[in-house]
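Owing to the predicted nature of the structure, the values given are computational and were not obtained by experimental measurement. Letters go in sequence order (proteins before strands), and every chain restarts at 1.
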Amino acid sequence: MDESHTNAKPTPENLDDPPNSRLFLVASRFVTEEELRERFSAFGDIQDVWVVKDKQTKESKGICYVKFAKSSQACLAMEEMHGKVLQDGSKPIKVFIAQSRSSCSHRDVEDEELTRIFVMIPKTFSEEDLKNTFKEYGDIEYCVIIRNKLTGESKGLGYVRYYKPSQAALAIENCDKAYRAILAEPRNKASSSEDYNSMASRSDYSSGADSLNMYPFNMAAPAEPVSYPMMDYRTSAGSGGTDLTRCLMVSTRAGLTQEQIFALFDIIPGMEYCELQRDAYGMSKGHAMIRYTNLGSALYAKDKLNGFEYPPGNRLVVNFMDDGEDRSSSVGRMAMQFVATQMMSSVWNGPSNSQGIKPTASHLGFAGPPVSRIQTDVSLPPLKKLAPSDSKAKERLFVVFSPAPLPVDVLEDVFCRFGSLIEVHLVPGRKVGYMKYADKQCAMDALATLHGHIVNGVKMKVMLADPPREESHKRLRTY
DNA sequence: CGACGGGACGC
DNA sequence: CGACGGGACGC
């Protein structure tokens with residue numbers, strides 16, 4: 001278990017750098033390094049040429065490697081030189097991107113693995129935006145944005161398939177670093193069964209279906225943000241299909257837990273589903289979907305909870321997921337009235353009778369006198385509004401918690417009181433966090449007031465945060 | 001002591 | 001069928 005290799009050397013075997021910048025060629029035994037250098041130098045900066053020779057006889061084995069400075073150069077050379085005859089009478093050469101030296105596989109690297117990139121994009125991007133952004137690097141076969149299957153909401157990730165490896169490589173090398181473009185892992189891991197997928201469903205990949213219109217709804221409406229069709233495969237006709245007229249989407253800037261959202265929307269009777277959208281850390285992304293059994297409950301929930309501040313200072317935004325529906329009907333109003341009546345009666349009957357308002361509602365501050373959930377040894381200013389989430393951070397505080405971090409909502413409640421708080425960020429798995437402020441003085445006030453004090457039994461060290469480490473090694477040593 | 005930053009497709 | 005050398009680190 002304990003391999004005492006504590007000093008991990010920079011493994012010298014991984015230096016196929018950058019990745020996919022080296023070519024593997026199968027050529028005639030008479031080809032020389034000089035000739036290869038001549039024929040391949042037109043495609044880029046050659047760093048190394050090597051013809052593999054037998055150890056004893058020193059004769060060429062017809063295997064050669066050509067290392068370029070960039071992957072795009074190697075790819076271009078491959079595309080142009082594969083199949084070329086270098087010397088009269090010899091067989092056409094084969095040119096592939098070499099397997100990385102650390103890999104033990106000698107399988108050919110296929111174009112399939114070199115033509116699709118994986119990028120991080122704004123959530124507002126459509127496939128069209130994605131294509132327009134990346135077409136400058138080459139011809140695009142298709143673009144796909146990864147979306148939530150239920151809501152159609154973008155996950156901020158996308159794929160772009162080019163026709164040629166050199167185009168994908170150019171995109172990765174030259175696109176804005178914010179896109180974090182990398183080669184996509186091939187989709188098919190090890191498809192063992194292929195037959196239960198009928199042939200009809202595979203037509204999207206074949207090139208014969210020109211007549212297939214990719215954007216049946218969208219063609220005539222250029223700038224209109226069309227809501228995407230998310231009913232390609234029906235939600236099976238089980239009890240109560242997912243019709244969106246009863247689905248709400250709540251957006252919040254505070255990191256609310258599933259339990260908090262659930263408790264809040266469960267105050268209105270009829271909630272049948274509640275799902276927080278999470279990111280890779282399992283933290284709240286600020287969106288959740290809530291579905292009620294009936295339109296009246298959904299209407300009532302939107303009416304009462306849209307704009308509601310929870311926790312204080314954090315304004316919830318609640319919307320129906322199928323925008324554009326007309327809900328001003330008298331039927332809707334009656335349904336809402338019915339729900340209101342339902343809730344009133346449960347109040348009169350008291351919460352002790354199981355159904356109706358849950359006990360959780362009271363400590364959400366939804367009913368009854370506002371009881372502070374903050375206990376502290378320092379006197380706090382009153383609550384203040386959060387700064388807009390797109391505010392520029394002028395100062396950050398670094399907070400260490402002992403013995404354990406406080407919940408995000410509590411921290412927002414405490415740290416917002418000095419004004420201009422943009423957001424609270426806890427480091428997952430650690431006992432530290434960052435508070436972003438739009439105003440330096442507000443941050444300093446918070447620091448001075450809160451440092452060394454105790455909130456809900458948790459002691460806090462509050463310090464100015466070091467600047468984020470970014471890419472200091474790139475810019476700092478230019479002189 | 002106590003430090004941030006990421007990522008995956010209905011087979 | 002067709003897969004991996006040579007050189008040498010740090011002031």
Side-chain angles (χ1 to χ4, degrees), chain A residues 9-10 12-13 15-16 22-29 33 48-55 58 60-65 67 91 93-109 116-121 142-150 155-161 177-198 201-202 204 230 232-233 235 279-281 283 285 393 396-402 405 423 425-436 459-471:
Chain A
K9 297 189 296 186
E13 306 305 332
L15 292 190
D16 246 51
R22 196 172 55 125
L23 293 181
F24 165 65
L25 346 194
V26 185
S28 112
R29 293 183 158 72
E33 291 170 356
D48 192 20
V49 177
W50 169 32
V51 172
V52 178
K53 304 190 180 75
D54 184 285
K55 282 257 181 6
K58 306 287 191 185
S60 164
K61 302 207 277 192
I63 300 301
C64 319
Y65 294 91
K67 172 72 173 70
K91 289 196 287 191
I93 62 170
K94 299 181 203 172
V95 184
F96 304 96
I97 294 292
Q99 283 283 1
S100 82
R101 284 189 107 140
S102 54
S103 156
C104 4
S105 166
H106 284 174
R107 195 192 90 251
D108 293 347
V109 177
R116 195 176 63 140
I117 66 172
F118 180 50
V119 292
M120 304 181 73
I121 51 178
Y142 65 84
C143 293
V144 171
I145 288 173
I146 302 173
R147 298 176 182 281
N148 180 311
K149 261 90 67 185
L150 270 48
K155 294 187 177 170
L157 299 169
Y159 296 99
V160 179
R161 171 79 74 181
K177 284 180 286 298
Y179 293 116
R180 302 249 151 189
I182 58 173
L183 277 181
E185 292 294 330
R187 199 166 57 117
N188 280 343
K189 295 181 167 215
S191 58
S192 49
S193 62
E194 174 110 18
D195 43 63
Y196 75 93
N197 236 352
S198 73
S201 66
R202 299 196 62 78
D204 51 65
M230 46 204 124
D232 281 343
Y233 35 91
T235 46
D279 64 16
Y281 299 114
M283 318 248 316
K285 267 280 177 107
R396 290 190 316 156
L397 299 179
F398 177 59
V399 185
V400 184
F401 305 96
S402 176
E423 75 173 343
H425 171 58
L426 286 179
V427 181
R430 322 239 71 137
K431 297 187 285 194
V432 303
Y434 296 89
M435 314 292 147
K436 272 168 66 176
K459 184 161 185 183
M460 301 184 297
K461 290 186 188 178
V462 184
M463 289 149 283
L464 289 180
D466 294 337
R469 46 168 186 150
E470 299 299 335
E471 48 224 300

Exercise for review: Would you please name every residue forming a side chain to side chain contact (heavy atoms under 4.5 Å, CB included) with R180(A), sequence neighbours left out?
Suggested key: M120(A)

Exercise for review: Using a heavy-atom cut-off of under 4.0 Å over every strand shown, decide if D54(A) touches base, sugar-phosphate, or nothing.
Suggested key: nothing

Practice item. Would you mind classifying the nucleic acid contact of V144(A) as base, sugar-phosphate or nothing, using non-hydrogen atoms under 4.0 angstrom? Key: nothing

Check your understanding: Base, sugar-phosphate alone, or nothing: which one does K431(A) contact when heavy atoms must sit under 4.0 Å apart?
Key -> nothing

Review point. Side chain to side chain contact (heavy atoms under 4.5 Å, CB included) with D466(A): which residues, sequence neighbours excluded?
Key: none

Exercise for review: May I ask you to decide whether R22(A) forms a salt bridge with D16(A), counting only side-chain N to carboxylate O separations under 4.0 Å?
Suggested key: yes

Check your understanding: Hey, which of these two, V49(A) or R29(A), hits DNA chain C nearer its 5' end, going by closest nucleotide?
Key -> R29(A)

Practice item. Tell me what K94(A) touches on the nucleic acid: a base, only sugar-phosphate, or nothing, going by heavy atoms under 4.0 Å. Key: base

Practice item. Please identify each residue that fulfils ring-ring contact (aromatic ring centres under 6.0 Å, His included) with Y65(A), with sequence neighbours left out. Key: F24(A), W50(A)

Review point. Which nucleotide of DNA chain C is the first, and which the last, in the 5' to 3' direction, to come under 4.0 Å of a heavy atom belonging to chain A?
Key: dG2(C) to dG6(C)

Check your understanding: Touch check for R396(A), heavy atoms < 4.0 angstrom, all strands: base, sugar-phosphate only, or nothing?
Key -> base

Review point. Counting any heavy atom closer than 4.0 Å, what does K58(A) reach on the DNA or RNA strands: base, sugar-phosphate only, or nothing?
Key: nothing

Review point. What pairs with K436(A) under side chain to side chain donor-acceptor pair (under 3.5 Å), at least two apart in sequence or on another chain?
Key: E423(A)

**Study point:** Sugar-phosphate only, base, or nothing, as touched by V399(A) at under 4.0 Å among non-hydrogen atoms
**Key:** nothing

Exercise for review: Report the residues that fulfil side chain to side chain donor-acceptor pair (under 3.5 Å) with S103(A), sequence neighbours left out, ordered by chain and then residue number.
Suggested key: Q99(A)

Check your understanding: What nucleic acid atoms does L25(A) come within less than 4.0 Å of, heavy atoms only: base, sugar-phosphate, or nothing?
Key -> nothing

